[in-house]
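This report refers to the structure that appears directly beneath it.
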Amino acid sequence: MADEAKAKGNAAFSAGNYTDAIRHFTDAINLAPTNHVLYSNRSAAYASLNQFSEALADAKKTVDLKPDWPKGYSRLGAAHHGLRQYDEAVLAYKKGLEVDPNNDTLKSGLADAQSASGRSRGPPPAGNLFGDAFGPDMWAKLTADPSTRLYMRQPDFVNMMKDLQRNPSNLNLYLQDQRIMQALSVLLNVKMQAHAPGDDVEMPDSPVRTESVAENSNTNTNTNTNAREVEPEPEPEPMEVSEEEREVKERKARSQKEKEAGNAAYKKKDFETAIERYSKAIELDDADISFLTNRAAVYLEMGKYDECIKDCDKAVERGRELRSDYKMVARALTRKGTALVKMAKTSKDYEPAIETFQKALTEHRNPETLKKLNDAERAKKELEQQEYYDPELAEKEREKGNDCFKEQKYPEAIKHYTEALRRNPKDAKAYSNRAASYTKLGAMPEGLKDAEKCIEIDPKFSKGYTRKGAIQFFMKEFDKALETYQEGLKHDPQNPELLEGVRSCVQQINRATRGDLTADELKERQAKAMQDPEIQNILTDPVMAQVLKDLQENPKAAQDHMKNPSVMNKIQKLISAGIVQMR
């Protein structure tokens with residue numbers, strides 16, 4: 001029961017119905033109060049509604065129930081951030097990184113929280129040396145200097161510099177990176193490194209504290225400064241690497257080469273080679289689920305959907321064990337859903353695919369996945385309609401509806417006509433009969449819609465026009481009813497119902513023309529007409545405004561206007577509507 005409520009909550013969340021999602025997650029929590037995932041999901045739903053206090057309470061509960069789950073700290077940090085408790089958000093993300101140091105979501109959240117915290121304390125002082133270093137000309141300086149030019153091709157370096165430009169107070173996070181120290185040397189115009197320009201610097205495994213004396217590059221070297229030379233600290237001893245660690249690194253490097261070879265083969269559509277390469281990469285390193293998702297993509301292209309699904313399931317299971325990035329898990333789920341769609345033959349077959357796409361969106365809301373979900377739901381609905389199609393049963397249901405109509409059981413008649421249309425959506429007679437039932441119940445908009453659908457399906461079916469015309473006449477839209485009856489007569493010129501409809505409409509229109517309407521009828525017709533977009537367009541047309549003026553003040557000009565069929569037709573509509581009265 002809890003899983004069912006959770007699935008409903010996930011579906012509502014994926015569709016953006018966060019209030020419904022909260023209700024379903026709450027139902028699930030009542031059934032399984034120790035399930036940390038439910039509190040996490042509800043926290044996300046609350047946060048989506050900007051109800052950050054509630055999101056914070058659920059995030060705290062998540063962490064209490066599962067302290068070793070990194071996503072709980074991500075929820076906690078997001079809730080604190082939403083409440084503008086930036087320092088608490090920083091602490092939450094840092095605790096999460098203690099659990100999973102490589103979690104990109106936590107890293108990103110931490111950077112955002114630190115940036116927000118810095119902004120909340122106001123801009124750095126005008127004379128802040130490091131703040132000035134990361135000014136607008138930073139990129140030009142780094143590109144121009146030969147010692148940092150090569151770094152500009154490295155995405156991680158560029159991202160770090162962007163972060164420092166946004167928030168210089170984050171400098172202490174990157175001091176262990178020699179490239180940042182070299183960049184700072186260039187930006188401050190001081191010598192802080194002893195490496196040759198452009199040399200690759202090997203990074204120690206842990207930060208090493210060093211001290212250096214900055215020399216102003218603009219100082220005249222012949223000047224006696226009496227400065228005391230400081231001996232540089234000795235270079236750190238290289239860290240010893242065990243044989244096992246060395247072997248692991250080598251295997252990872254080899255696995256990446258196999259992956260690259262697999263990617264190249266995939267692009268060439270050499271699928272067998274791609275499978276072989278990805279399989280070798282998986283043997284060498286089973287901690288990178290991208291090898292599995294890539295092999296799954298190849299199986300998908302080859303039409304080997306069962307193998308694709310197996311790889312996706314392994315990727316999801318292994319990804320959860322390793323606490324992999326949510327995006328990677330979502331990718332595996334999306335790929336699995338795609339394979340399930342490819343295998344679907346009946347509407348029921350789409351259900352597991354839809355559920356899989358919903359799970360993927362819970363992990364990471366991706367527009368491509370959302371489109372696949374919408375397409376799957378649409379295909380399921382269309383297939384359900386095809387599976388339900390049965391003209392013989394439709395005919396029987398329509399006959400049952402006719403019997404109920406004769407007995408004046410109009411709601412029951414509508415029920416049978418609706419079932420007939422589900423069995424055969426192209427049955428014009430069922431639409432016509434249901435329109436008549438709606439008319440009897442006074443549901444004019446529904447009846448008009450059915451009559452129009454009837455005409456759309458079979459433009460030569462006279463009943464469609466008589467149904468539509470009768471509804472329009474009942475709604476006192478006599479001009480529109482007249483047009484409907486006249487259109488029907490084009491297909492059936494001797495139809496007595498259509499001819500009688502035309503006569504009745506002309507009679508009502510002539511009453512307005514002669515001014516025979518009572519004050520109440522005139523008032524009612526004018527009020528109704530003013531809500532008609534066509535009448536509104538006529539009254540706001542500058543040409544028609546001049547025509548109406550001429551009718552009152554310039555009879556000769558008015559006669560000329562009446563020779564124009566379009567103008568005459570509009571005048572007639574205004575007369576029928578009671579807006580214009582002829583004396």
Side-chain angles (χ1 to χ4, degrees), residues 18 22 36-135 138 156-177 180-181 183-184 187 206-209 323 325-327 364-365:
Y18 304 119
I22 291 169
H36 62 284
V37 175
L38 300 176
Y39 290 98
S40 171
N41 289 4
R42 192 170 70 174
S43 176
Y46 276 129
S48 298
L49 293 173
N50 293 327
Q51 298 178 13
F52 294 110
S53 296
E54 293 82 355
L56 180 61
D58 275 354
K60 287 180 177 178
K61 185 67 175 179
T62 304
V63 172
D64 289 342
L65 289 171
K66 189 71 172 174
D68 61 343
W69 195 47
K71 185 179 280 191
Y73 295 98
S74 177
R75 302 291 193 217
L76 188 62
H80 278 306
H81 195 134
L83 292 169
R84 300 187 179 183
Q85 299 170 354
Y86 303 124
D87 292 340
E88 290 85 346
V90 169
L91 290 175
Y93 288 123
K94 285 183 176 179
K95 286 182 180 179
L97 288 169
E98 291 175 7
V99 176
D100 184 5
N102 297 318
N103 190 293
D104 290 337
T105 302
L106 290 168
K107 289 179 181 178
S108 175
L110 175 61
D112 290 343
Q114 288 174 328
S115 177
S117 178
R119 289 195 302 270
S120 68
R121 294 183 175 88
N128 187 311
L129 179 62
F130 293 129
D132 293 342
F134 305 115
M138 177 184 77
D156 62 329
F157 171 78
V158 173
N159 288 335
M160 285 189 284
M161 294 307 298
K162 286 181 179 179
D163 183 36
L164 289 173
Q165 194 173 41
R166 289 193 303 267
N167 191 0
S169 63
N170 285 345
L171 180 61
N172 64 313
L173 297 176
Y174 307 118
L175 288 178
Q176 70 270 30
D177 193 314
I180 297 298
M181 298 300 292
L184 199 59
L187 296 174
S206 58
V208 180
R209 185 182 175 194
R323 301 190 181 95
D325 185 6
Y326 308 133
K327 293 180 182 179
H364 174 63
R365 193 166 181 81

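Treat the numbers as computed from the prediction; the structure is a model and nothing was measured.
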Mind checking what makes ring-ring contact (aromatic ring centres under 6.0 Å, His included) contact with Phe157, not counting sequence neighbours? Tyr151
How close do Ile22 and Ala45 get, heavy atom to heavy atom, and via which atoms? CG1-CB, 3.5 Å
Could you give the distance from CG (Asp163) to OG (Ser115), rounded to the nearest 0.5 Å? 7.0 Å
Any chance you could measure Met161, atom CE, to Leu184, atom CG, to the nearest 0.5 Å? 7.5 Å
Locate the shortest heavy-atom distance separating Pro101 from Lys107; write the atom from each residue and the value. O-CE, 3.2 Å
I'd like to check Asp325 versus Asn103 (side-chain heavy atoms, cut-off strictly below 4.5 Å). Are they in contact? no
Of the non-hydrogen atoms in Leu56 and Gln85, which two are nearest, and what is the gap between them? CD2-OE1, 4.2 Å
Excluding sequence neighbours, so at least two apart, what forms ring-ring contact (aromatic ring centres under 6.0 Å, His included) with His36? Trp69
Got a second to check how far Leu110's CG is from Ser74's OG, nearest 0.5 Å? 11.5 Å
Sequence neighbours left out, what passes side chain to side chain donor-acceptor pair (under 3.5 Å) with Glu88? Give chain and number order. none
Output the distance between atom CD (Glu54) and atom CG (Leu49), rounded to the nearest 0.5 Å. 9.5 Å
Which value, rounded to the nearest 0.5 Å, describes the distance between Gln114 atom CD and Asp87 atom CG? 10.0 Å
Does any pair with a residue in residues 43-66 pass ring-ring contact (aromatic ring centres under 6.0 Å, His included), and if so which ones, sequence neighbours excluded? none
Just how far is it from atom OH of Tyr93 to atom OG1 of Thr105, taken to the nearest 0.5 Å? 9.0 Å
Provide the closest heavy-atom pair for Arg75 versus Ala59 in the form atom of the first, atom of the second, distance. C-CB, 3.7 Å
Indicate the atoms forming the closest heavy-atom contact of Ala47 with Ala55, along with that distance. N-CB, 3.9 Å
The side chain to side chain donor-acceptor pair (under 3.5 Å) partners of Arg42 (sequence neighbours excluded) come to Thr26, Asp58
All heavy atoms of Ser40 vs all of Thr62, minimum pair found to be N-OG1, 3.2 Å
Any residue meeting side chain to side chain donor-acceptor pair (under 3.5 Å) with Asn50, in chain and number order, not counting sequence neighbours: none
Given side chains that start at C-beta, do those of Ser108 and Asp112 come closer than 4.5 Å, heavy atoms only? yes
Test item: Val99 and Leu106 side chains (from C-beta on) under 4.5 Å apart, heavy atoms: no
Any side-chain heavy-atom pair of His80 and Tyr86 under 4.5 Å: no
